[in-house]
Amino acid sequence: MHAAQYPNPDSAPAPAIDVWLLVLPRFALLDATGPAQVFSTANDEARDAGLAAPYAIRMVSPGGGLIASAAGVSVLTEPLPTGRLAGSTLIMVGGRGLEDGSSPALTPDVVRWVADAGGGANAVARCCSVCTGAFLMARSGLLDGRRAVTHWQDAAQLQAQFPAITVQEDAIYIKDGPIYTSAGIAAGIDLALSLVGEDMGRPFALRVAKRMVVFLKRPGGQRQFSSELLAQADPQGLHGQLTAWLRPRLKQAIDVDQMAAAFALSVRSLHRKLQQEAGVSPAQLLLRLRMERACALLEQGGMTVKRAAGQSGFGSEYNLRRAFAAQLGVVPSEYQARFG
């Protein structure tokens with residue numbers, strides 16, 4: 001824990017945790033403001049309870065000054081901190097040009113500073129990234145040999161560029177030691193809430209989430225959201241129609257031949273059309289929908305892992321465990337203990 005557990009008004013106030021949000025030009029605005037708002041709301045919640053504000057929030061950049069986001073809105077930043085970082089939290093904000101290295105601000109000095117801040121003698125307590133901020137962390141070497149996640153559209157690129165990383169593309173966020181990575185854009189809010197939970201306890205984090213009108217922890221993984229949004233965007237497209245056809249049949253043994261036949265397509269055409277429209281294969285879509293169903297079932301009271309496996313179409317606990325380990329980085333019982 002980094003701060004006093006909530007509520008504990010009789011104890012001496014713990015010093016505020018410095019939260020450094022590192023932004024570079026063309027950063028994703030919500031990547032920065034989402035986590036910042038979580039910590040700010042946590043400060044409000046603490047003050048209302050008669051406690052000292054637990055966080056000191058600062059936007060930083062190389063050189064400081066106004067930094068323009070990809071949305072055109074600029075934020076005023078401080079220079080990169082050079083003093084004592086121990087006990088603080090560093091969050092690398094995603095943005096354009098980080099995934100392919102084209103950002104002119106992605107200099108060797110910046111990468112070296114991140115490496116030192118995350119793993120040097122003056123290292124922060126927690127080194128985090130939001131969305132494509134994982135690419136900056138990866139360039140520094142901090143993710144080598146660790147599990148990590150980024151936006152689902154960039155996960156394959158992260159894995160290809162940095163094979164020493166184990167990319168778990170469906171997770172909302174991942175903690176691997178003092179290193180935290182989170183998925184696309186709004187997942188920074190999920191990550192920040194989890195950090196508040198570590199510092200102040202889960203009941204306090206839940207109060208912050210309620211105050212912000214967001215989930216404390218969203219069910220399932222980021223792929224279910226990307227898949228669902230694609231289906232909503234074009235419900236008459238092949239992805240939307242196949243999703244609608246699969247949902248009531250998830251408990252059944254379904255193969256690609258059956259999917260193709262249901263839409264009067266050859267297997268090859270089904271693959272090609274679905275890849276063009278949604279960037280997934282039929283088997284991948286089926287897995288995502290079953291994962292979504294399994295997560296929802298495990299969050300219900302009284303649900304067993306065995307029943308969830310059967311009702312979501314995985315058939316056995318073994319198959320469900322393998323899928324959860326590969327897609328979410330946890331076993332079903334752990335997921336159920338956290339979010340059930």
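By convention here, the first residue in the shown sequence is residue 1. In this text, all values refer to a predicted model and were calculated from it rather than measured experimentally.
- Looking only at distances, a side-chain donor or acceptor of R290 sits under 3.5 Å from a matching main-chain atom of L250.
- Panel note: side chain Q275, backbone R272; no donor-acceptor pair is recorded below 3.5 Å.
- Looking only at distances, a side-chain donor or acceptor of Q284 sits under 3.5 Å from a matching main-chain atom of S281.
- T82 and N122 get closest at one heavy-atom pair: O-ND2, 4.4 Å.
- When each of V19, N43, D199 is tested with P54 by the rule side chain to side chain contact (heavy atoms under 4.5 Å, CB included), just one qualifies, namely N43.
- Side-chain heavy atoms closer than 4.5 Å link hydrophobic residues (I, L, V, M, F, W, Y) into clusters, and following such links, even through other members, never connects V23 to L80.
- Take D116 and apply the salt bridge (Lys or Arg N to Asp or Glu O under 4.0 Å) test, not counting sequence neighbours, and it matches no residue.
- A side-chain donor from one of T41 and Q37 sits under 3.5 Å from a side-chain acceptor of the other.
- Partners of R112 according to the side chain to side chain donor-acceptor pair (under 3.5 Å) rule, which considers only residues two or more places apart in sequence or in another chain, are D109.
- With sequence neighbours left out, K273 forms a salt bridge (Lys or Arg N to Asp or Glu O under 4.0 Å) with no residue at all.
- Atom CZ of R96 has 12 or fewer heavy atoms from other residues, nucleotides or ligands within 6.0 Å.
- With sequence neighbours excluded, the residues forming a salt bridge (Lys or Arg N to Asp or Glu O under 4.0 Å) with R146 are D176, listed by chain and number.
- Every side chain to side chain donor-acceptor pair (under 3.5 Å) that R58 has, sequence neighbours left out, goes to D18.
- Although no hydrogens or angles enter the test, the distance criterion places a donor-acceptor pair under 3.5 Å between the side chain of Q161 and the main chain of E99.
- For N319, the side chain to side chain donor-acceptor pair (under 3.5 Å) partners at least two apart in sequence or on another chain are S316.
- Taking a cutoff of 4.0 Å between a charged side-chain nitrogen and a carboxylate oxygen, E292 and R247 qualify as a salt bridge.
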